[in-house]
Amino acid sequence: WLSFFTLTAQKYDIVNFSIEQGLVQSQLNNLAIDKNGFLWASTLGGISRFDGKEFKNFNYSSGLSHSIADYVFVDNSNSVWVSTSRNIQIWNGRIFKNVQVDSAGHSLSALYIDQANNGEIYALGKNLNLYKYNSNKNELYKVSLGNDLITCFTIDQDKLIAAVFRKGIYVYEMGNWHRYVLFPSN
């Protein structure tokens with residue numbers, strides 16, 4: 001049998017955006033989309049919000065604690081989380097609010113922020129410790145395994161799965177850590 005098929009591909013227009021089009025800085029760290037369809041970009045010069053036509057930029061002079069924005073994340077309530085090189089802040093549509101770490105009021109920069117289906121928000125700090133957000137106190141508190149370093153995590157429904165340096169894979173569920181996979185020791 002010999003068959004002939006006609007395949008058609010969709011044609012996409014590619015548009016580049018740079019400082020000339022209004023982006024706050026040209027080196028992007030990551031992107032997030034909010035419920036209003038705005039595209040948020042974290043850059044080495046702050047964050048940019050794109051509405052499909054133009055950029056609105058935020059940096060130190062706009063209320064960010066530092067203009068280097070390492071990570072941007074939009075939670076289920078449409079609040080925009082920004083991790084700068086100094087700390088984590090939440091944009092509520094009007095102002096940036098600092099998120100404290102523990103009751104001592106320390107600050108933290110994050111490599112990654114994510115939210116479980118149940119609304120719990122977690123952040124992996126640059127110090128490779130895992131933190132959970134307490135919205136009543138507007139603070140993050142450590143939920144890591146003692147002094148073990150967490151290199152990355154993901155959330156599967158309401159289970160947080162973390163890779164622990166030289167220890168294996170662990171699951172954080174209902175406030176407790178459970179060993180999931182062990183790495184062979186050398």
Side-chain angles (χ1 to χ4, degrees), residues 10 12-101 106-127 129-141 143 150 152-162 172:
Q10 291 181 331
Y12 293 100
D13 292 327
I14 297 174
V15 178
N16 289 322
F17 293 103
S18 66
I19 297 168
E20 289 79 24
Q21 288 78 33
L23 190 62
V24 70
Q25 205 270 344
S26 62
Q27 292 176 289
L28 298 181
N29 291 321
N30 85 307
L31 300 168
I33 298 176
D34 69 18
K35 292 180 181 178
N36 301 318
F38 292 132
L39 177 68
W40 294 84
S42 64
T43 77
L44 299 180
I47 58 172
S48 292
R49 184 187 73 192
F50 186 62
D51 65 4
K53 294 180 182 174
E54 61 186 10
F55 289 95
K56 178 171 175 130
N57 297 316
F58 304 89
N59 54 28
Y60 184 76
S61 62
S62 310
L64 278 180
S65 62
H66 197 281
S67 287
I68 296 176
D70 299 313
Y71 195 80
V72 63
F73 169 77
V74 179
D75 68 20
N76 292 344
S77 67
N78 213 35
S79 294
V80 179
W81 293 61
V82 180
S83 177
T84 70
S85 61
R86 187 166 289 149
N87 67 347
I88 297 173
Q89 295 179 287
I90 301 173
W91 171 256
N92 64 9
R94 296 185 335 271
I95 61 169
F96 289 100
K97 188 164 104 175
N98 293 334
V99 176
Q100 301 300 314
V101 178
H106 296 108
S107 62
L108 174 79
S109 290
L111 296 170
Y112 182 68
I113 303 169
D114 203 358
Q115 186 169 24
N117 289 345
N118 63 10
E120 294 176 342
I121 295 175
Y122 295 89
L124 178 61
K126 287 185 177 179
N127 60 5
N129 286 305
L130 185 68
Y131 296 85
K132 183 177 175 183
Y133 182 64
N134 179 331
S135 60
N136 294 329
K137 295 183 177 182
N138 186 41
E139 72 179 20
L140 293 160
Y141 62 92
V143 294
I150 294 177
C152 63
F153 77 92
T154 189
I155 297 176
D156 179 28
Q157 296 179 26
D158 289 331
K159 292 181 185 175
L160 184 138
I161 303 166
Y172 184 74

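What you see below is based on every heavy atom in this structure, not just the backbone, and it leaves out hydrogens, waters and symmetry mates.
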For [X] against [Y], the heavy-atom pair lying closest together:
X: Ile150; Y: Ala162; value: CG2-CB, 3.8 Å
X: Ala69; Y: Ser42; value: O-CB, 3.4 Å
X: Arg49; Y: Trp40; value: CD-CZ2, 3.3 Å

Pairwise distance [atom1]([X]) to [atom2]([Y]) - rounded to 0.5 angstrom:
X: Gln27; Y: Thr43; atom1: CD; atom2: OG1; result: 8.5 Å
X: Gln25; Y: Asn59; atom1: CD; atom2: CG; result: 11.0 Å
X: Phe96; Y: Ile47; atom1: CZ; atom2: CD1; result: 4.0 Å
X: Leu111; Y: Asn127; atom1: CG; atom2: CG; result: 8.5 Å
X: Leu23; Y: Leu28; atom1: CG; atom2: CG; result: 5.5 Å
X: Ile90; Y: Ile113; atom1: CD1; atom2: CD1; result: 8.5 Å

[Y] and [X], any side-chain heavy atoms less than 4.5 Å apart:
X: Thr84; Y: Ile68; answer: no
X: Tyr122; Y: Leu124; answer: no
X: Leu160; Y: Val143; answer: no
X: Asn129; Y: Leu108; answer: no

Query raised in the report: Does the pair Tyr172 and Phe153 meet the rule for a ring-ring contact (aromatic ring centres under 6.0 Å, His included), with working shown?
Result: CA-CA 10 Å; Tyr172 184 74; Phe153 77 92; over 10 Å; no
Requested in this report: Would you indicate whether Lys132, at its atom NZ, is surrounded by more than 12 heavy atoms from other residues, nucleotides or ligands within a distance under 6.0 Å?
Outcome: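 Enclosed: over 12 neighbouring heavy atoms sit under 6.0 Å from NZ of Lys132.
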Query raised in the report: Would you find more than 12 non-hydrogen atoms of other residues, nucleotides or ligands less than 6.0 Å from Gln157 atom CD?
Result: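 Atom CD in Gln157 is not crowded, with 12 or fewer foreign heavy atoms closer than 6.0 Å.
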Is the backbone of [Y] close enough, under 3.5 Å, to the side chain of [X] for a donor and an acceptor to pair up by distance?
X: Ser135; Y: Asn138; answer: no
X: Gln89; Y: Gly63; answer: yes
X: Ser107; Y: Asn87; answer: no
X: Asn30; Y: Val72; answer: yes
X: Thr154; Y: Ile161; answer: no

**Report entry** Candidate list Leu140, Val82, Val101, test side-chain contact (heavy atoms from CB on, under 4.5 Å), partner Ile88, passing option
**Finding:**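 Going through Leu140, Val82, Val101 one by one, the side-chain contact (heavy atoms from CB on, under 4.5 Å) with Ile88 is satisfied by Leu140 alone.
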Query raised in the report: What salt bridge (charged side-chain N to carboxylate O under 4.0 Å, His left out) pairs are there with at least one residue in residues 63-92, not counting sequence neighbours?
Result: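 Of all non-adjacent pairs touching residues 63-92, those that pass salt bridge (charged side-chain N to carboxylate O under 4.0 Å, His left out) are Asp70-Lys126.
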Report task. Can you run down the salt bridge (charged side-chain N to carboxylate O under 4.0 Å, His left out) pairs that involve residues 24-42, sequence neighbours left out, and say none if there aren't any? Result ->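 Sorted result for residues 24-42: empty, none.
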Query raised in the report: What is the ring orientation for Tyr133 with Trp81, classed by angle as parallel under 30°, tilted 30 to 60°, or perpendicular over 60°?
Result: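 Taking Trp81 first and then Tyr133, their aromatic rings stand perpendicular (interplane angle over 60°).
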Query raised in the report: Considering residues at least two apart in sequence or located in another chain, which fulfil the salt bridge (Lys or Arg N to Asp or Glu O under 4.0 Å) criterion with Lys137?
Result: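 Result, salt bridge (Lys or Arg N to Asp or Glu O under 4.0 Å) vs Lys137: none returned.
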Query raised in the report: Can you check side chain to side chain contact (heavy atoms under 4.5 Å, CB included) on Phe55 and Val24, steps first, answer last?
Result: CA-CA 8 Å; Phe55 289 95; Val24 70; over 6 Å; no
Query raised in the report: So, Ser48 versus Asn57: side-chain donor-acceptor pair below 3.5 Å or not?
Result: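 Judged by distance alone, the side chains do pair up.
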